[in-house]
Amino acid sequence: EKGGYQHFMIKEIHEEPKALRDTMASRIVDGKVNLSDLNVTREQLEKAGKIIIIACGTAYHAGVVGKYVIEKLARIPVDVEIASEFRYKDPLINEDNIVIIISQSGETADTLAAMRMCKKVGAKVIAITNVVGSTVSREADHVVYTWAGPEIAVASTKAYTTQLLCMYMMALDFADKMGRISADEYQRIIEEIRKLPELAQEILDDKEIIQRCADETFNASSIFYMGRGLDYAVAMEGSLKLKEISYIHSEAYAAGELKHGTIALIEEGTPVVALATQKGLFEKTLSNIKEVKARGAFVIAVAMEGDTEIEKEADRVIYIPRVYDILAPVLVVIPLQLYAYYVAVAKGCDVDKPRNLAKSVTVE
Ligand code: F6R
């Protein structure tokens, strides 16, 4: 059942190229996004005022990327909310707002409760879910399925990458309907999206350096993640993967925030995973790497092929294939998932069933 793999998690990581391919198949046709499952009109988008993304855990982290790309491409304001926070406040929401619920299982109690609140005020609810027939899929107005296939390991991997892909397709669809994206930019993103499965496979074919980084750091008591912009969004997900399966204390920081407090935690040998894939932010992140290095950090950087300048500053560099940087999260997360996996295996942890966690959180 594990197809020759030692754990479901590593099997599911290896299924990411296929999951991405299946999720875009029939939705990217003749160079255009065709989300027939989602008929949001230009009028609805114009009237919406804002989009609200609601989710928990890893799905929430996909939402953070979603906010960034919808705002960037479609120029529509997006709030991204943790379901358990949203449901217990007096949220600013009205019937014109568009709500996007993200849930792999489609059964998470807090997410369901938040969705029902949104439906009650009459907002339009779109769900991104992986489970056909799940409660979320039955109750939402529209469903965009991630075709990741069953995800069995508690730590979510292929669901996240396909949730990201759905966010990109939706952002393109909204941007196009709003007339806010040039034909060239639209085409460029479509072409790069189509390459993602192949590029993800390249990462999976060359894991040696990631294994080495894990072997060098699995004894650490704390591991920090940092990045700017989309790299920060992925840093949060990388950090969550590590804590849930390896039980190592970890935090993710917006790299520019370090000097406002966190840098005090860096000691001789503290591992810092630094993500530097965003074009306009590369130099900035590089100076943050210098700052933590100066305090003794052991820096594992993730950068794009060709950005070799980073080798001067970081102790180890994991390269991802070059891609339009707005799409980098889909690739960057894969080495982070593998790193968390190798660290957990090196520590002898029960990777597929980490302590205290359940696959589907149906309690509140
Ligand atoms: C992390 C993880 C959890 C889930 C969260 C939401 O690896 O699996 O953080 O992402 O419990 O679950 P769903 O997406 O099923 O609503």
Side-chain angles (χ1 to χ4, degrees), residues 7-13 15-16 19 23 53-66 80-87 99-116 118 125-140 143-167 225 233-248 250-252 329 333-334 336-341 343-344 349-364:
H7 297 100
F8 281 110
M9 182 178 175
I10 190 74
K11 171 175 180 266
E12 288 163 6
I13 293 172
E15 285 167 351
E16 293 188 279
T23 300
I53 301 178
I54 307 174
C56 301
T58 287
Y60 169 78
H61 293 154
V64 177
V65 173
V80 52
E81 304 262 7
I82 294 168
S84 59
E85 288 296 315
F86 181 86
R87 63 176 293 202
V99 174
I100 303 173
I101 298 286
I102 311 178
S103 176
Q104 187 283 130
S105 63
E107 303 296 346
T108 302
D110 285 321
T111 307
L112 281 175
M115 176 177 75
R116 288 171 181 151
C118 299
V125 175
I126 302 164
I128 298 178
T129 182
N130 196 42
V131 179
V132 177
S134 57
T135 310
V136 161
S137 78
R138 281 185 276 113
E139 294 186 16
V143 185
V144 176
Y145 284 107
T146 48
W147 296 113
E151 194 181 61
I152 292 162
V154 166
S156 182
T157 55
K158 59 179 181 169
Y160 173 80
T161 33
T162 52
Q163 284 159 359
L164 293 186
L165 178 56
C166 290
M167 298 290 1
Y225 287 71
V234 186
M236 292 188 227
E237 174 56 11
S239 172
L240 177 64
K241 283 295 86 95
L242 184 81
K243 3 187 183 202
E244 59 182 335
I245 61 169
S246 77
Y247 317 139
I248 294 176
S250 176
E251 305 283 339
V333 77
I334 300 172
L336 303 188
Q337 294 167 344
L338 289 165
Y339 173 68
Y341 175 77
V343 167
C349 299
D350 186 354
V351 173
D352 284 337
K353 287 203 166 39
R355 68 186 184 203
N356 309 342
L357 299 175
K359 181 68 185 162
S360 183
V361 186
T362 51
V363 292
E364 305 190 352

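First listed ligand is number 1; within each ligand, the first listed atom is number 1. All residue numbers in this chain count up from 1 along the given sequence. Worth knowing before you read on, the calculation uses all heavy atoms, side chains too, and leaves out hydrogens, waters and symmetry mates.
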May I ask you to list the atoms of ligand 1 that are less than 4.0 angstrom from any heavy atom of [X]?
{"X": "Ala155", "result": "7 (O)"}
{"X": "Val154", "result": "7 (O), 8 (O)"}
{"X": "Ser103", "result": "13 (P), 14 (O), 15 (O), 16 (O)"}
{"X": "Ser156", "result": "7 (O), 8 (O)"}
{"X": "Glu244", "result": "1 (C), 7 (O)"}
{"X": "Lys241", "result": "1 (C), 7 (O)"}
{"X": "Ala59", "result": "10 (O), 14 (O)"}

Report the C-alpha separation of Glu237 and Thr58 in whole Å, then their side-chain angles, then the decisive distance to 0.1 Å, and conclude whether the side-chain hydrogen bond (donor to acceptor under 3.5 Å, both in side chains) test is met.
CA-CA 6 Å; Glu237 174 56 11; Thr58 287; 3.1 Å; yes
List in chain and number order the residues that pass ring-ring contact (aromatic ring centres under 6.0 Å, His included) with Tyr60, two or more places apart in sequence or in another chain; answer none if no residue qualifies.
none
Could you tell me whether the side chain of Thr129 and the main chain of Gln104 form a donor-acceptor pair under 3.5 Å?
yes
Are any side-chain N or O atoms of Asp352 and backbone N or O atoms of Met9, one a donor and one an acceptor, separated by less than 3.5 Å?
yes
Output all residues satisfying salt bridge (Lys or Arg N to Asp or Glu O under 4.0 Å) with Arg138, sequence neighbours left out; order by chain, then residue number.
none
Polar-atom distance check: Lys359 versus ligand 1, any N or O pair below 3.5 Å?
no
I'd like to check whether Thr111 has a polar contact with ligand 1, where a contact means an N/O of the residue lying under 3.5 Å from an N/O of the ligand.
no
Checking a contact table here: which protein heavy atom is nearest atom 15 (O) of ligand 1, and how many Å away?
Ser105 OG, 2.6 Å
Heavy-atom nearest neighbour in the protein, as seen from atom 2 (C) of ligand 1, with distance rounded to 0.1 Å
Thr58 OG1, 3.8 Å
Can you find a non-hydrogen atom of Ser360 under 4.0 Å from ligand 1?
no
Run the contact test for His61 against ligand 1 with a 4.0 Å cut-off on heavy atoms, strictly below, and give the result.
no
Between Glu16 and Thr157, is the side-chain hydrogen bond (donor to acceptor under 3.5 Å, both in side chains) condition met? List the steps.
CA-CA 8 Å; Glu16 293 188 279; Thr157 55; 5.0 Å; no
With respect to Met167, which candidate in Ile53, Val65, Val144, Thr162 satisfies the side-chain contact (heavy atoms from CB on, under 4.5 Å) definition?
Ile53
Taking everything shown except Lys353 itself, do over 12 heavy atoms lie less than 6.0 Å from its NZ?
no
Test side-chain hydrogen bond (donor to acceptor under 3.5 Å, both in side chains) on Glu107 and Thr135 and set out the steps.
CA-CA 6 Å; Glu107 303 296 346; Thr135 310; 2.5 Å; yes
